[in-house]
S.K.: 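Sharing a structure, written as structure tokens. Questions coming.
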Amino acid sequence: MPKVLMDGNSAIGEAAIRAGCQCYFGYPITPQNELIEYMATHLSRRKGCVFVQAESELAAINMVYGASVVGARAMTSSSSPGISLKQEGISYLAACELPAVIVNMSRGGPGLGSIAAAQSDYFQATRGGGHGDYRTIVLAPSSVQELADLTIRAFDLADKYKIPVIILGDGVLGQMMEPVEFKQEAPAVLPVREGSLRGAKGRPSKIIKTFTSNPAELEEINWSLFRRYGLIKKQETTFETFMIDDAKLVVVAFGIAARIAKGAIRNVRAEGLKVGLLRPITLWPFPDEAVKEVVKNVNHFLVFEMNMGQMLEDVQLSLEGKGEVSFYGRPGGVIPTPSEVSRVISRLYYQKGLK
Amino acid sequence: MKKVYAHPKSLKRAVFHYCPGCGHSIAHRLICEVIDEMGLQDKTVGIPPPGCSVFAYHYFDVDMAECAHGRGAAVATGIKRACPDIVVFTYQGDGDLAAIGTAETIHAANRGENTTTVFINNAVYGMTGGQMAPTTLRGMKTTTTPYGRDHVIEGHPIKMSEMLAPLEGVAYIERVAVNSPANIRKAKKAITKAFQMQLDKRGFSMVEILSPCPTNWKMTPIQAWKWVDDEMSKIFPLGVYKDVTEQKSAD
């Protein structure tokens with residue numbers, strides 16, 4: 001299939017349709033409006049598919065909940081302040097083991113913040129986000145092509161593990177245009193997902209619920225969720241390494257920051273500095289084994305994020321006290337350039353006596 | 001011998017956990033009778049709320065999906081849009097529908113979602129122990145209005161049926177009560193009509209039920225039933241607020 005030039009938000013929309021997404025519910029917020037508009041234009045015209053502009057993010061995520069109850073592939077999207085509102089619904093989806101895809105094209109915070117790209121929702125995304133003991137799978141793309149690919153993967157993972165999946169992008173990824181190739185056609189009809197409620201025809205009635213007055217029963221539900229999370233960690237953790245084989249210093253970065261870091265690494269490599277990159281693609285489950293593998297040969301790490309140091313904690317936890325970790329972060333929606341990051345890398349490289 | 005009553009097929013044979021004199025169990029039974037009579041048991045999905053009726057799924061023998069406080073109308077929207085052949089009803093209390101879920105309710109009604117809402121108005125938060133509801137009457141004592149609801153501070157009892165009826169997406173709204181045999185019969189007729197509106201794809205339908213809560217009203221069941229007539233229905237008058245099948249065309 002030929003490549004097309006597309007902004008990231010629209011690419012998610014097209015990929016979602018090709019993944020068999022039947023229902024989209026959303027509420028406008030910058031910088032993800034191209035996605036809701038793409039779905040209004042394209043998904044709404046597809047037979048049996050549903051587009052609703054909801055009255056709020058709360059309503060949108062609860063519409064997703066309803067669509068997931070009846071077994072439809074459903075998604076919603078928003079940006080940071082809107083994602084905070086969706087946390088109620090995400091907690092219920094997680095509790096009821098209902099699949100859903102939630103896109104966060106994150107922006108600067110806290111509060112209304114700015115509409116510029118930021119990565120300050122890492123904690124919220126990777127720690128569950130809402131109330132209660134749960135996790136969501138968190139995918140962090142770093143190009144428009146990867147946005148498309150991970151959108152399809154998100155729907156598959158959501159169905160496979162009966163779990164909400166978050167695509168954590170940012171304002172840059174959503175807005176920038178790149179060539180993208182869509183590798184699959186939309187399915188004509190998806191089979192109805194097992195366990196969905198569509199009326200008790202020819203079977204006993206079923207209940208989807210979260211509330212129980214019996215703590216022991218709820219404990220068992222939590223145990224069961226975490227057994228599945230263990231399986232996800234074992235089977236679905238993904239990451240990318242870049243120029244890591246001979247590296248003396250490894251940058252750890254995700255999403256658009258990893259893209260910037262790659263440029264910076266190319267710059268410093270040209271000056272003879274041996275620097276590589278570890279890029280988590282699943283932020284939850286975090287690739288801690290990959291970090292443990294790297295520290296066998298490398299002692300120095302630079303965590304680079306567009307926030308005040310959130311993934312930093314996962315890197316430190318993975319290292320279990322081994323290695324030396326430095327951090328460089330720009331919060332609030334400021335986007336550092338590759339040359340700015342290369343200056344940070346080379347300063348650290350020389351300070352640590354690696355040259 | 002003539003059979004005058006049978007246990008509804010879609011009502012499970014479980015013992016209600018509701019207090020003596022509570023209106024929930026009557027409302028449950030009426031909905032189940034209607035579901036049976038209309039032959040909807042195998043194509044219905046019910047949406048119970050948090051609150052006293054959170055355990056409604058222990059009683060209704062239809063598919064049930066519990067939802068977050070106040071979000072019934074949004075969840076119903078998701079279900080109905082994804083699967084238009086399913087008959088969807090939400091069962092919501094006054095705190096659920098008229099406080100935390102007001103936005104979801106108004107917009108689902110305004111979109112004309114083909115869903116049915118059974119709105120239990122008992123003027124109080126029951127499960128949490130009798131706090132002020134948006135429908136608490138002026139002067140009424142609750143645990144959070146211990147000196148009586150003062151409209152200057154706490155506002156006025158909100159009238160949802162009156163508020164929603166003018167919306168163009170609304171097909172049918174009636175306010176009924178379950179405090180006497182005559183009212184219970186009317187309530188059942190209203191619930192039947194509401195489901196019929198959904199089947200006919202006429203738009204949003206709602207039956208508001210004035211429902212006694214003797215425990216939190218600190219009354220005996222008999223006093224509570226009388227209070228619905230003497231006090232509550234003066235502020236919340238019974239009757240049909242919208243019925244598109246009765247409206248004459250303007251042309």
S.K.: Looking just at side-chain N and O atoms, do A/S205 and B/D61 make a donor-acceptor pair shorter than 3.5 Å?
M.R.: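 Looking only at side-chain atoms, B/D61 and A/S205 do form a donor-acceptor pair, the distance falling under 3.5 Å.
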S.K.: Do B/E104 and A/L58 touch side chain to side chain, with heavy atoms closer than 4.5 Å?
M.R.: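 B/E104 vs A/L58: side chains touch.
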S.K.: Side chain, backbone, both or neither: which part of A/A72 has a heavy atom under 4.5 Å from chain B?
M.R.: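 A/A72 touches chain B through side-chain heavy atoms alone.
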S.K.: Locate the shortest heavy-atom distance separating A/F211 from B/F55; write the atom from each residue and the value.
M.R.: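 The pair with the smallest heavy-atom distance is CE2-CZ, 3.4 Å.
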S.K.: Counting only heavy atoms closer than 4.5 Å, note whether B/K12 contacts chain A via side chain, backbone, both or neither.
M.R.: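 When you check distances to chain A, only side chain atoms of B/K12 fall under 4.5 Å.
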S.K.: What option among B/M64, B/H58, B/K80, B/E66 has the most heavy-atom pairs under 4.5 Å with chain A?
M.R.: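 Answer, by heavy-atom pair count under 4.5 Å with chain A: B/E66.
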S.K.: Which bit of A/V64 is near chain B, if near means a heavy-atom gap under 4.5 Å: side chain, backbone, both or neither?
M.R.: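 Interface part for A/V64: neither.
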S.K.: Please say whether more than 12 non-hydrogen atoms of neighbouring residues, nucleotides or ligands are located less than 6.0 Å from CD1 in B/I100.
M.R.: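 Counting neighbours around CD1 of B/I100, more than 12 heavy atoms of other residues, nucleotides or ligands fall under 6.0 Å, so yes.
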S.K.: Would you indicate whether the side-chain heavy atoms of B/R81 and A/V52 approach each other to under 4.5 Å?
M.R.: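 Touching, per the 4.5 Å side-chain cut-off.
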S.K.: Atom OH of A/Y65 and atom CD1 of B/I47: how far apart are they, to the nearest 0.5 Å?
M.R.: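 Result: 9.0 Å between the selected atoms.
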S.K.: Chain A: which of B/P84, B/A103, B/A82, B/G78 shares the most heavy-atom pairs with it under 4.5 Å?
M.R.: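 Looking at each option in turn, the highest pair count goes to B/G78.
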S.K.: In terms of heavy-atom proximity below 4.5 Å to chain B, should A/Q22 be classed as side chain, backbone, both, or neither?
M.R.: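 Neither part.
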S.K.: Any side-chain heavy atom of A/E88 within less than 4.5 Å of one from B/R71?
M.R.: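 Yes, side chains in contact.
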S.K.: Which atom names give the shortest non-hydrogen contact between A/Y92 and B/C67, and what distance separates them?
M.R.: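 Shortest heavy-atom contact: CE2-C, 3.9 Å.
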S.K.: Does B/K43 reach the side chain of A/R198, with side-chain heavy atoms less than 4.5 Å apart?
M.R.: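 Heavy-atom side-chain distance check fails, nothing below 4.5 Å.
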S.K.: Only one of A/V70, A/V69, A/V192, A/V50 clears side chain to side chain contact (heavy atoms under 4.5 Å, CB included) with B/C83; which?
M.R.: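 Of the listed residues A/V70, A/V69, A/V192, A/V50, the side chain to side chain contact (heavy atoms under 4.5 Å, CB included) partner of B/C83 is A/V70.
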S.K.: Could you tell me the separation between the CE atom of A/M63 and the CD1 atom of B/I79, rounded to the nearest 0.5 Å?
M.R.: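 If I round to the nearest 0.5 Å, the distance is 12.0 Å.
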S.K.: Taking 4.0 angstrom as the limit, do A/K201 and B/D63 come out as a salt bridge?
M.R.: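 No, this pair does not count.
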S.K.: Where on A/F25 is there a heavy atom nearer than 4.5 Å to chain B: the side chain, the backbone, both, or neither?
M.R.: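 Side chain only.
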S.K.: Rounded to the nearest 0.5 Å, what separates atom CD1 in A/I207 from atom CZ in B/F60?
M.R.: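 The distance works out to 12.0 Å.
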S.K.: With a 4.5 angstrom heavy-atom cut-off, which part of B/V45 approaches chain A: side chain, backbone, both or neither?
M.R.: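 Contact with chain A involves the side chain of B/V45 alone.
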S.K.: Do you know which of B/V88, B/N110, B/I86 has the most heavy-atom pairs with chain A at a distance under 4.5 angstrom?
M.R.: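 So the answer, after comparing B/V88, B/N110, B/I86, is B/I86.
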S.K.: Below 4.5 Å from any heavy atom of chain A, which atoms of B/Q41 appear? Answer side chain, backbone, both or neither.
M.R.: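 For B/Q41, backbone heavy atoms alone lie under 4.5 Å from chain A.
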